[in-house]
Amino acid sequence: MRIAPPFVAAACLLAVPAALLAQATKPAAASSDAAYIRKAEGGAPFSISKDARIARFDKDGNVNVVRDGSNDFTCASIPQMGIPAYCADKNAWDWMTSAMSRKDKPSNNEPGVAYMMQGGVHYESADGKIEMMPSAKTHNVKEPPHWMLMWPLDPAKTGLPTRPNASGAYVMFAGTPYAHVMVYENPAKMKNLAGKGSSSKS
């Protein structure tokens, strides 16, 4: 059946906005991914983050890969946990994915190392206890740039304190399976493997 010219013109007019929308969406998404990648890379020295996998967590704790990587590290921005940028080796990434998916304990069977070169915040109750997630009973406390050993060391056996202190190291979430060691040393000031220092593009 032959379509009358007015209907052809109308169909064309309806198709044009859809095509334009499709073209406009792709650059916007790419721009959003590029900005996210830059933010996530800021978690660790660029010598690490430039080759790291970049990922996002959705609201259910599922991982969505934004960029593939070629080393053992994954970087992400995790604002729902007060983390501007987090870069972790495989074991420390397993620790974080367990936390984000609300598992009873981390899935890593060996210690892992993670960097938070942009610092972050933790959630603290009125009596000074650090909680994993914010609530009506917690307030935000800023954390300086630091790195972490993601392994549940026992403060009673190691002698490490359980709250931020002048020594620059403590066990966060002590007494839980998610206990880990915080070290207040800015990764931006660390030497890379080539011994030439490191910097971030963020």
For Gln118 and Gly42, indicate whether the former's side chain and the latter's backbone hold a donor-acceptor pair under 3.5 Å. yes
Quick one: does Trp151's side chain get under 4.5 Å of Val181's, heavy atoms only? no
Test item: Ile130 and His122 side chains (from C-beta on) under 4.5 Å apart, heavy atoms: yes
Side-chain contact, heavy-atom cut-off 4.5 Å: Glu185 with His146? no
Student check: side-chain heavy atoms of Val63 and Phe57 closer than 4.5 Å: yes
Which atom of Ala55 lies closest to which atom of Ala76, heavy atoms considered: O-CB, 3.2 Å
When the aromatic ring centroids of Trp147 and Tyr184 are compared, is their separation below 6.0 Å? no
Does Asn71 reach the main-chain N or O of Ile48 with its side chain, forming a donor-acceptor pair under 3.5 Å? yes
Does the side chain of Met96 reach to within under 4.5 Å of the side chain of Ile83, using non-hydrogen atoms? yes
Measuring from Asn140:CG to Lys142:NZ, what's the distance to the nearest 0.5 Å? 10.0 Å
Taking the side chain as C-beta and beyond, is there a heavy-atom pair between Lys39 and Ser77 under 4.5 Å? yes
Run the side-chain contact (heavy atoms from CB on, under 4.5 Å) test on Gln80 and Lys59 for me, step by step, so that the C-alpha distance in whole Å, both residues' side-chain angles and the decisive distance to 0.1 Å come before the verdict. CA-CA 9 Å; Gln80 58 268 53; Lys59 61 182 180 63; over 6 Å; no
Kindly say whether the aromatic ring centers of His180 and Phe173 come within a distance under 6.0 Å. yes
Are Met132 and Ile78 co-members of a hydrophobic cluster defined by side-chain heavy atoms under 4.5 Å apart? yes
Which heavy-atom pair separates Asp89 from Ala92 by the least distance, and what is that distance? OD1-N, 3.0 Å
Between Asp60 and Arg102, is the closest basic N to carboxylate O distance under 4.0 Å? no
What's the spacing between Lys129 NZ and Glu124 CD if we round to 0.5 Å? 12.0 Å
Can you see which heavy atom on Pro45 is nearest to which on Pro187, and at what distance? CG-O, 3.4 Å
Hey, are Arg67 and Glu41 close enough for a salt bridge, meaning a charged N less than 4.0 Å from a carboxylate O? yes
Spatial distance of atom CG (Asn91) from atom CG (Leu149) [nearest 0.5 Å]: 10.0 Å
Show your working on side-chain contact (heavy atoms from CB on, under 4.5 Å) between Ile37 and Val66 and close with a plain yes or no. CA-CA 8 Å; Ile37 288 170; Val66 179; 3.9 Å; yes
Measure the shortest side-chain to side-chain distance between Tyr170 and Leu160 over non-hydrogen atoms and say whether it is less than 4.5 angstrom. no
If you look only at distance, which donor and acceptor atoms sit under 3.5 Å apart when one is on a side chain in residues 106-117 and the other is two or more places apart or in another chain?
unit_1, atom_1, unit_2, atom_2, d
Ser107, OG, Ser98, OG, 3.1
Asn108, ND2, Glu110, O, 2.9
Asn108, ND2, Met150, O, 3.4

Gap separating the CE atom of Met182 from the OG1 atom of Thr162, nearest 0.5 angstrom: 13.0 Å
If I compare all heavy atoms of Tyr123 with all of Met133, which pair ends up nearest, and what's the gap? CD1-C, 3.7 Å
Locate the shortest heavy-atom distance separating Gly82 from Pro84; write the atom from each residue and the value. O-CD, 3.6 Å
Quick one, Arg53 with Phe73, criterion side-chain contact (heavy atoms from CB on, under 4.5 Å). Give me CA distance, side-chain angles, the key distance, then yes/no. CA-CA 6 Å; Arg53 182 177 69 158; Phe73 280 78; over 6 Å; no
Nearest 0.5 Å, what's the CH2-CE distance between Trp93 and Met100? 8.5 Å
Taking all non-hydrogen atoms of both residues, which atom of Thr97 and which atom of Ser101 are closest, and how far apart? O-OG, 2.7 Å
Roughly how far, to the nearest 0.5 Å, is the NZ atom of Lys50 from the CD1 atom of Ile54? 12.5 Å
Among residues two or more places apart or on two chains, list those pairs meeting disulfide bond (SG atoms under 2.5 Å apart) that have a residue in residues 69-136. Cys75-Cys87
Looking at side-chain heavy atoms only, is the closest gap between Asn64 and Asp58 below 4.5 Å? yes
Quick one: is the NZ or CZ of Arg56 closer than 6.0 Å to the six-membered ring centre of Tyr36, and within 45° of its axis? yes
